[in-house]
Visitor: 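Have a look at the structure that comes next, please.
Any value given below was found using the heavy atoms of this structure, including those in side chains, with hydrogens, waters and symmetry copies removed. Throughout, protein chains are lettered first and strands after them, A, B, ... in sequence-line order, and every chain is numbered starting at 1.
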Amino acid sequence: MATRYLILEDGTSYKGKAFGSESTTTGEIIVNSNMLGYQEIITNQIYHNQIITFTQPSIGNTGINHKSFESIITNAKGIIVREYSNISTNRLGNLTLDRFLKQHNIPGIAGIDTRELTHRIRRNSSMKASIVDVNDEHAFDQLNASVLTNQQVKQVSTKAPFPNTGDGYNIILIDFGLKYGILRRLAELDCNVIVMPWNTSNKEIMDLDPDGVILSTGPGSPKDLPESVLNMIRETQEKIPMFSMGLGHELFALANGAETYKLNVEHHGSNHPIRQIITNQIIYASQSQGYAVDPKSIKHDQLLITFVDLVNGTVQGIRHRDFPSFSVQFSPDGGPGPEDTVDLFEEFLENVSSQRR
Amino acid sequence: MSKVVVDKMAMQRALTRITYEIIEKNKGVNNLVILGIKTRGVYLAKRIANRLQKLENQEIPVVQIDVTKYRDDVKHTSKDPEVADGDKISLDNKNVILVDDVLFTGRTIKSAFSAISELGRPDNIRLAVLIDRGHRELPIRADFVGKNIPTSRTEKIKVQVNEIDDKDSVEIIDK
Amino acid sequence: MFKHEIKKVLILGSGPSSIGNETELDSAAFQMMVALKKNGIKTLIIDNNPFSLTMTEVQAANTFVKEINLKNVLEVLKKAKPDAIIPTVGGLRAIHITQELLNQGILKELNVKIIGISEAALKTVNDSNRMKTVINQSNEPCIPSKIVNNESEAFDVVRQIGFPIIVKPINQKDSAKRRVCKNTDELSYFLDNSFNDQNKKFIVEKSVVGFKQIEMVGIRDENGTKILINGLENVDAVGVHSGDSIVVSPIQTLTDIEYQNLRTATFKIMENLEIVGVCHLQFALSTKDNLYFITKINPLVNQSTAFSARATGYPLVYTCTNLMLGKQLNEIQLPEKYNHLTPIMEPSLDHVVIKIPIWPFENIPQASQRLNTVMKSVGSTVGVGRTVEEALLKALRSSQFSPRDILPSMKNLDNDELINRLIHPQSNRLLVLIESIRRGYQVDDLEELTKINKFYFYKLKKLLEIEELIINHPMELNTIEHAHKFGFGDGMMAETWHIPIQKVREIYHQYNEYPTYKSIESSAGELKQNIESFYSSFEKENESYKESQKTALVIGRGGNKLGPNTAADYYTAEVLIQLHKLGYKTVVMNNNPNAVSLSPQISDKQYIEPIQLGDILNIIELEEPVRVFVPGNRHFLMKQLKKYKELNVQILPPDQDTGVILPKNVSYALNFFVTNENNYFISSEKLISNLNNDLDHVTNYEMPYGDIDDNQLIQNIKESYTHIDKSNWIGLVQILFNEKNNGESEYVGIRPLRLTETIFLSKATGINWIRELVKFYTKRFDSKIIDELNTNQDRIASMRATFPFKQLNLYIDHGNSSQEIGAKLKFRLKD
């Protein structure tokens, strides 16, 4: 195992051991505190541009299996672990994390004091990082000079529509960085799903005679997307029930006059208590967010706040006052993380059925 | 044999959705009064009011009504006044949401109209029910339905609410 | 709900220690008592365990020293009139008593509430039918089983559930009659020979032997908010009791999908039972398909919940106490050092904790060493590390009591025996697994033989690679660095390289390399808090700093074995409490997950580390304690520590080996407190041996010794003084006597008062002698305390040791003191 370095924008350098691809990489460094589900995390399109630090020290134990993909193409820029296991103990296949990362050209670095790194990342606001062979001045210069793309959604979204057939409701799923968990949950509910590109217009949606629309999670800032997306949302919510999540949620908020901002420290984990306002109940959800809806900007004659994160106070859910459309910041499908929020899909379909009566 | 058709989670979800739909249809909660039909309708009404309050930060009046004396198909057994709360509230110019657990023939709702007419003249009345089981005998239709459950006439629907039954559930009892 | 109604509660204690009940319940009761006090609630407790810290810390007037049974509990309820009763920290006995009190309507009659467990949950404990109903109602799977009346019906069931199955007669609990049948022939044969007049019905149940064993610990508040505290992976498959398995947290070999299924199942069960507090569930997972079953529901505090609290750093008992008083998770106010969000954050770990059981076979060689579904271990140790290997090796090092920090070799086992042990697990499981890898067994074969996930064999392989490195590259910095990262101790390297441990330490110290200590907390570094519980690693960031200029380090006993171990743990806890009262900052080092001495309220800082010289020195170098206390009898360790002249080390009680005992019978003793200036007589004590008045078989004590007449006593005291003056003993000293057949007494020996008897002396005299010893050794002893001695000798205290023979399926009458597992305390009036 070759020695490699993780270098940070703040000038810190860590010595570690290479695994996965041996390419050089640069991205925004974030911390994920889920204890399991590294495969789901690495394959989540939301991590386009990002290097993921795992707080759980032992990564790779179960290998890679076909049930845990959140996308087939993975866009994470790199992963940082305390230790990785080069084996596969799941009973579905023999692919190891190391091989998988090599296949997808994603470098990993092991042997890092990830707890110290976590503390550092939480102290600083967002930082760029690189995994490199040499930690010299040149490497730092390159890191500092690098500019990360803001065209992530365009890069990860499907270019053409495709179906995932079922016998139930006809649901249009707008792909901003499709997470397969959404497809799985809709399949469990027997929906007929048509996945559409990020820049689909309201007319294109309505032409398919949908029962409901879902806006998927996705990478990057909602403000990097053009106004046309917000128009699509405004026009669609008036006509049919809509359910948005993650980036979709942020766009839904923007479309209804609210503002979003970049979090000082991104939150990726499933340990935060989230209060459902209407029932006062506290639930746990799979969260992976770099942006949030500003509660002060919410127009109360248009939107209701439905979920709040009790740790950092961020808005975790909103609902339109006049239309049966709602959104959540977290990933209601889990993957990885709790199933406490899965029934939001049923709630959405109840909205759909209620509208169809 | 009994079969649970709505469990605790599903019941909560249904009430949550009804609450949102009330806000949607009513354009907020101004002028709203919620009428719960005794017995379980009252608890459902209170829960909906409670949810509305959490969202809107505004107290919503809940009135319970007993319709047995207005029913033409049931022997009068209760001598309860129609408004058990004591403080009679005027429904003049109010937006009324009438809440019951199960919508069946529609006769309960018809009696409720009679009870309401004694309390004033609301601007409008909307009906919310947890379960719509079909078999209407009158031209009545709910505006907010928790769940549609097709049933045979011989089946019994048992709604249980935590406040008095120690659990939330809807069961079909097959005779 | 009843926040304001409850002013006084009765905790049902856990009684004498036994297999499956060490000190974790006492620790929980103690923490609960502290939390209740914060809420302005008075605690009463009934228990007859002399080594219970809770009994000591609850005001004497509120303790009831009685055997815990229905009659005595009822008596206490009537006399003390508590508002509520807490059965969750008293083990199954307390649950059964409470079930009985509930069923008989007594609680209603006396207007006593049950808190900590819902009625539904209470009724489910040990009622397998009810448990099945609860599981079915929750739409979760329980192990399929059916009652059959004849062979044809039995095969009907088999066609549904498939082999292997377990068949057992319905009308007897005799486990010997159970049979695992793997195929048609076995089943036919069994049934042919089993259906008869006594056995007309049989239960056919799917066998889950070989399934993966997973445990989940969750909590729920009155409002229905639920948190999964911890998941525990048993390394051994179903078939070995989870208390006898190596246990790993967090779970390592499940995918997130599998894990979330179990989390959701746990929550559904907790919701169904309306748990308010803690619940522990056990699952059996198929390794071939998606099947899993719920095998056990424990809505109470046990070793798995204690382990979970220790592993996560989550303040479990404190939180649950508040929950049972009706508070919601987001309303709980923790002690200041915690972040206010801690109770409501679902724990996420950035370390690995591994538990290894300790078995009693060394002291009870007659017992069958075969591990099965009945628990046999009497203690355990944990290792905490940043990797599985590190945690595993630290746990293993902690579980070995060799003072030289070496692992026993299994190389003498022949191959047949080795394979036999792989298939049929016995004690020292891990060492057998290591030996099999050393002999080159293939991982896939080992997985097949042992039903242990191959992940763990890869980890063990890695450890052996490091061991090779240590052997082949001695005294190199690179070797030491690698070894440290994988949990090897300095002592192990010193042993391998045949050099003093100090030499090893010099090699890396000269490069300024020292261990880094990391906090055991539940937010994976997210929340800022000052949780004072640490484990070592060799990494970048250290989080533990010198506590104070006046620190006392207390070195705990490690995992419980038979002998005075639970007493030693109580003793350790008491030493910590007393040192704190004397103004010291206290630091404790221990590795027993069930230890009462590790309760966070008792010390200022806790290190969960192997009790080995290198690890101790690391902590000493960081904390620079002004005093080091070593409760218990640790000859080798003391000898090593004494080499470090600058250390102010005190072993308590002083080393037993140096006592002077003549080879004579013994029947009573006199106990003294000896200072440099004076000898104080404290009490006489009757020593009752269960075999030939032999000192090793003295397991039954009475205080004072009622049959001794005053003249003889005075004479004995005089004689004792001469022996004391001849020796250089100080502190608590015991003079042994024998009463000869002619009525005369003879001197038998002198020794420091043992741990167990020191505690007994405290109970009998009402003076906390551990406190006095600590005062004495810190030069604060005031002889005025002697004046407080109760001269009223009407009350006789008796302490009787208990043994684990019955639990180990043995019939032994004469247990010796090294086979003790606990003790019962009793008071009676002198007749």
Visitor: So what's closer than 4.5 Å to chain B heavy atoms on A:I277: side chain, backbone, both or neither?
Guide: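 Its backbone and side chain both get close to chain B.
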Visitor: How about CZ on B:R121, more than 12 heavy atoms from neighbouring residues, nucleotides or ligands closer than 6.0 Å, or not?
Guide: no
Visitor: Heavy-atom distances under 4.5 Å only: say whether A:F323 touches chain B with side chain, backbone, both or neither.
Guide: backbone
Visitor: Rounded to the nearest 0.5 Å, how far does CD of B:Q12 lie from CG of A:D343?
Guide: 9.5 Å
Visitor: Shortest non-hydrogen contact from B:T16 to A:Q276?
Guide: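 Taking every non-hydrogen atom into account, CG2-NE2, 4.4 Å.
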Visitor: Got A:E347 and B:Y20 here, is their nearest side-chain heavy-atom distance under 4.5 Å?
Guide: yes
Visitor: Answer yes or no: is there an ion pair linking B:E24 with A:R319, defined by an N-O contact shorter than 4.0 Å?
Guide: yes
Visitor: Could you tell me which portion of A:I305 (side chain, backbone, both or neither) has an atom closer than 4.5 angstrom to a non-hydrogen atom of chain B?
Guide: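 When you check distances to chain B, only backbone atoms of A:I305 fall under 4.5 Å.
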Visitor: For a salt bridge (Lys or Arg N to Asp or Glu O under 4.0 Å) check, start with the C-alpha distance between B:E56 and A:R321, then their side-chain angles and the critical distance, and finish with the verdict.
Guide: CA-CA 11 Å; B:E56 301 281 20; A:R321 272 184 173 280; 2.4 Å; yes
Visitor: Which bit of A:N351 is near chain B, if near means a heavy-atom gap under 4.5 Å: side chain, backbone, both or neither?
Guide: both
Visitor: Do A:S354 and B:E21 come close enough that some side-chain heavy atom pair is under 4.5 Å?
Guide: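 Result yes, sub-4.5 Å side-chain heavy-atom pair found.
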Visitor: Within this structure, what is the CG-CD1 distance for the pair B:L55 and A:I278, rounded to the nearest 0.5 Å?
Guide: 4.5 Å
Visitor: Would A:E350 and B:K147 count as a side-chain contact (heavy atoms from CB on, under 4.5 Å) if you check the C-alpha gap in whole Å, the side-chain angles of each, and the deciding distance to 0.1 Å?
Guide: CA-CA 9 Å; A:E350 281 165 12; B:K147 197 167 165 107; 5.9 Å; no
Visitor: When only pairs under 4.5 Å are counted, which of B:R13, B:M9, B:K54 shares the most heavy-atom pairs with chain A?
Guide: B:R13
Visitor: Any chance you could measure A:F348, atom CZ, to B:R17, atom CZ, to the nearest 0.5 Å?
Guide: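 One gets 13.0 Å once the value is rounded to the nearest 0.5 Å.
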